[in-house]
J.: 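Dropping the structure in here first, questions after.
Indexing begins at 1, ligand by ligand and atom by atom, following the structure's order. When reading the values below, keep in mind they use all heavy atoms of this one structure, side chains included, and skip hydrogens, waters and symmetry mates. Note that the structure is a prediction, hence the values are computed from the model and not measured.
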Amino acid sequence: MIVGVPKEAFPGERRVALVPVVVPHLIKAGFQVLVEAGAGTGAGYRDADYVEKGAKLAASRGEVFQSVNVIVQVLSFGSNDVTGRDDLALYRRDQTVIGFHRPFGSLESVQQLASTGVTSFSVELMPRITRAQSMDALSSMATICGYKAVLLAADRLPRMFPMLTTAAGTITPARVFIIGAGVAGLQAISTARRLGAVASAYDLRPAAKEQVQSLGGRFIELPIEAKDAEDKRGYARQQDEAFFERQRELLGRVVAESDVVIPAAVVPGKKPPVLITSEMVKSMAPGSVIVDLAAERGGNCELTKPGQRVIEHGVTIIGYINVASTVPYHASQMYAKNLTAFLLHLGKDGNLQMNLEDEITRETLLTRGGEVVNARVREFFSMPALAAQKS
Ligand SMILES: NC(=O)c1ccc[n+]([C@@H]2O[C@H](COP(=O)([O-])OP(=O)(O)OC[C@H]3O[C@@H](n4cnc5c(N)ncnc54)[C@H](O)[C@@H]3O)[C@@H](O)[C@H]2O)c1
């Protein structure tokens with residue numbers, strides 16, 4: 001069984017799906033690894049490092065797709081809406097592809113992927129169970145995004161983060177407010193605290209309170225309660241517009257008093273709620289910064305322009321997308337470890353097993369034999385359920 005790593009094709013993408021250090025683990029498990037020349041360069045991994053660890057190099061993208069049984073990518077077709085379409089013609093029916101496929105993005109793209117006949121696994125669908133933690137690529141990328149969001153804010157803020165007592169007077173610490181204390185939000189709290197800021201956070205899931213406090217952040221409690229705040233997977237449940245309206249009213253004062261606001265409030269497959277209105281931006285001090293980590297799907301701030309940095313009412317609003325790609329070395333390292341754990345889970349004696357009794361395999365399998373086979377994705381797009389799949 002040969003695992004192939006093509007160079008990422010999304011413009012500006014610097015990550016790579018496997019890094020040299022994981023290659024020996026795959027070889028030990030019976031896999032061979034073929035890497036497109038230059039695939040790791042953008043992330044700081046040289047071709048020679050892959051070869052030294054036992055991988056082979058392919059001269060072209062076409063060669064990788066033609067020669068391997070399993071393609072591993074960061075941004076696969078569904079999540080690469082610029083150049084991903086080119087891969088559709090390269091996938092083979094007997095091939096498996098593992099990567100970010102954006103399974104709740106568009107029915108059309110999931111169906112197009114299915115129509116190639118390829119067997120695809122979507123890392124976004126990884127169940128949130130202890131056994132799958134080492135394979136959880138969403139958490140890995142969210143960790144990177146939370147960290148980087150704070151640095152982006154610190155770079156733009158006309159103030160320093162730490163409190164300093166100097167001969168020239170006392171500098172007060174920056175006040176950083178995080179909305180949505182999931183994996184990214186919690187990492188943002190830690191990073192802001194390490195830089196000396198005063199960090200506070202709000203989340204509609206009551207379980208987040210203890211996590212925020214354990215990182216030294218202040219948890220902001222609002223006098224509203226979300227209905228069934230958390231689903232069985234640990235994600236927030238979608239709320240109605242009346243709830244968001246009330247949230248905006250209550251968040252107004254905290255936002256106005258913050259130097260930096262990092263909203264990261266999302267619900268899988270749903271458009272992120274607008275929690276920061278234009279009026280709220282106006283209420284912030286000039287020079288304040290918002291880093292909208294929900295920008296990729298539209299944003300939590302009304303004035304966010306996805307992919308851009310804008311200044312509105314004197315406030316810098318950063319809506320960059322693909323933030324994890326800006327820390328490519330560690331993003332690739334974490335992703336490669338996640339993929340390797342997943343390949344070792346699927347593999348037996350160098351072959352991939354399709355044991356659909358297994359929750360991890362069943363939940364992540366997106367397409368197979370020309371069909372969209374994932375029950376959660378079918379339900380999301382109101383497709384009729386399939387008869388039980390055979391292994
Ligand atoms: N294997 C595991 O057990 C596992 C793995 C990863 C994450 N988790 C847990 O799952 C939870 C969510 O993880 P995530 O970061 O991937 O979630 P996410 O990226 O889907 O959402 C980010 C955060 O936004 C919050 N949010 C959504 N709508 C909101 C609103 N209107 N107002 C305020 N907050 C809102 C969510 O509650 C969540 O905490 C965390 O508690 C995390 O620790 C568990």
J.: Checking the N or O distance criterion of under 3.5 Å, is ligand 1 in contact with Tyr202?
T.: no

J.: To the nearest 0.5 Å, what is the distance between CZ (Arg156) and OG (Ser288)?
T.: 14.5 Å

J.: For Ser79 and Arg102, indicate whether the former's side chain and the latter's backbone hold a donor-acceptor pair under 3.5 Å.
T.: no

J.: Contact between Ser139 and ligand 1, counting heavy atoms under 4.0 Å?
T.: yes

J.: Checking Thr83 against Asn80: is there a side-chain donor and acceptor pair closer than 3.5 Å?
T.: yes

J.: Whether Arg246 and Glu249 form a salt bridge (side-chain N of Lys/Arg under 4.0 Å from carboxylate O of Asp/Glu) is what I want to check.
T.: yes

J.: With heavy-atom distances below 4.0 Å as the criterion, list the atoms of ligand 1 near Ile129.
T.: 1 (N)

J.: Examine Gln247 against ligand 1 and note whether any of their N/O atoms are separated by less than 3.5 Å.
T.: yes

J.: Considering distance alone, does some N or O of Val183 sit under 3.5 Å from an N or O of ligand 1?
T.: yes

J.: Can you find a pair of side-chain heavy atoms, one from Arg218 and one from Ile220, that are under 4.5 Å apart?
T.: yes

J.: Is any N or O atom of Ala184, backbone or side chain, closer than 3.5 Å to an N or O atom of ligand 1?
T.: no

J.: Nearest protein heavy atom to atom 43 (O) of ligand 1, by residue and atom, and its distance?
T.: Gln211 NE2, 4.2 Å

J.: Can you pull out the closest protein heavy atom to atom 34 (N) of ligand 1? Residue, atom name and distance to 0.1 Å, please.
T.: Leu204 N, 3.5 Å

J.: Which heavy atom of the protein is the closest neighbour of atom 27 (C) of ligand 1, given with residue, atom name and distance?
T.: Val266 O, 3.2 Å

J.: To which protein heavy atom is atom 17 (O) of ligand 1 closest, and what is the distance rounded to 0.1 Å?
T.: Tyr235 CD2, 4.0 Å

J.: Which of these passes side-chain hydrogen bond (donor to acceptor under 3.5 Å, both in side chains) with Tyr235: Glu230, Arg128, Arg205?
T.: Arg128

J.: Starting from atom 1 (N) of ligand 1, locate the nearest protein heavy atom and write down its residue, its atom name and how far away it is, to 0.1 Å.
T.: Gln133 CG, 3.3 Å

J.: Look at atom 11 (C) of ligand 1 and say which protein heavy atom is nearest, naming residue and atom and giving the distance to 0.1 Å.
T.: Gly234 O, 3.2 Å

J.: Which option, Pro272, Ala236, Ala264, owns the non-hydrogen atom nearest atom 24 (O) of ligand 1?
T.: Ala264

J.: Return the closest protein heavy atom for atom 38 (C) of ligand 1 as residue, atom name and distance.
T.: Asp203 OD2, 3.4 Å

J.: Starting at CG of Asp203, measure out to NZ of Lys209 and round the result to the nearest 0.5 Å.
T.: 13.0 Å

J.: State whether Arg131 and Asp358 are salt-bridged, where the test is any N-O pair (Lys NZ or Arg NE/NH1/NH2 against Asp/Glu carboxylate O) under 4.0 Å.
T.: yes

J.: Between Phe177 and Tyr202, is a ring-ring contact (aromatic ring centres under 6.0 Å, His included) present by the stated rule, with each step listed?
T.: CA-CA 8 Å; Phe177 178 44; Tyr202 160 74; 7.4 Å; no

J.: Is there a side-chain contact between Gln73 and Asp87 (heavy atoms, below 4.5 Å)?
T.: yes

J.: For a ring-ring contact (aromatic ring centres under 6.0 Å, His included) check, start with the C-alpha distance between Tyr335 and Phe100, then their side-chain angles and the critical distance, and finish with the verdict.
T.: CA-CA 11 Å; Tyr335 186 61; Phe100 280 95; 5.5 Å; yes

J.: If I apply the N/O under 3.5 Å rule, does Val267 come out as touching ligand 1?
T.: no

J.: Write out the residue and atom name of the closest protein heavy atom to atom 10 (O) of ligand 1, then the distance separating them to 0.1 Å.
T.: Arg128 NH1, 3.1 Å

J.: Within the structure, is a non-hydrogen atom of Phe243 found at a distance of less than 4.0 Å from ligand 1?
T.: no

J.: Quick one: does Arg205 get an N or O within less than 3.5 Å of an N or O on ligand 1?
T.: yes

J.: Say whether Asp136 and ligand 1 are in contact under the criterion: heavy-atom distance to a ligand atom below 4.0 Å.
T.: yes

J.: Work out whether the distance between some heavy atom of Ala181 and some atom of ligand 1 is less than 4.0 Å.
T.: yes

J.: From Gln187 CD over to Ile144 CD1, what is the distance, rounded to the nearest 0.5 angstrom?
T.: 8.5 Å

J.: With no hydrogens and no angle check, do the side chains of Ser106 and Ser109 hold a donor and an acceptor under 3.5 Å apart?
T.: yes

J.: To which of Pro206, Ala265, Pro263 does the heavy atom nearest atom 26 (N) of ligand 1 belong?
T.: Ala265

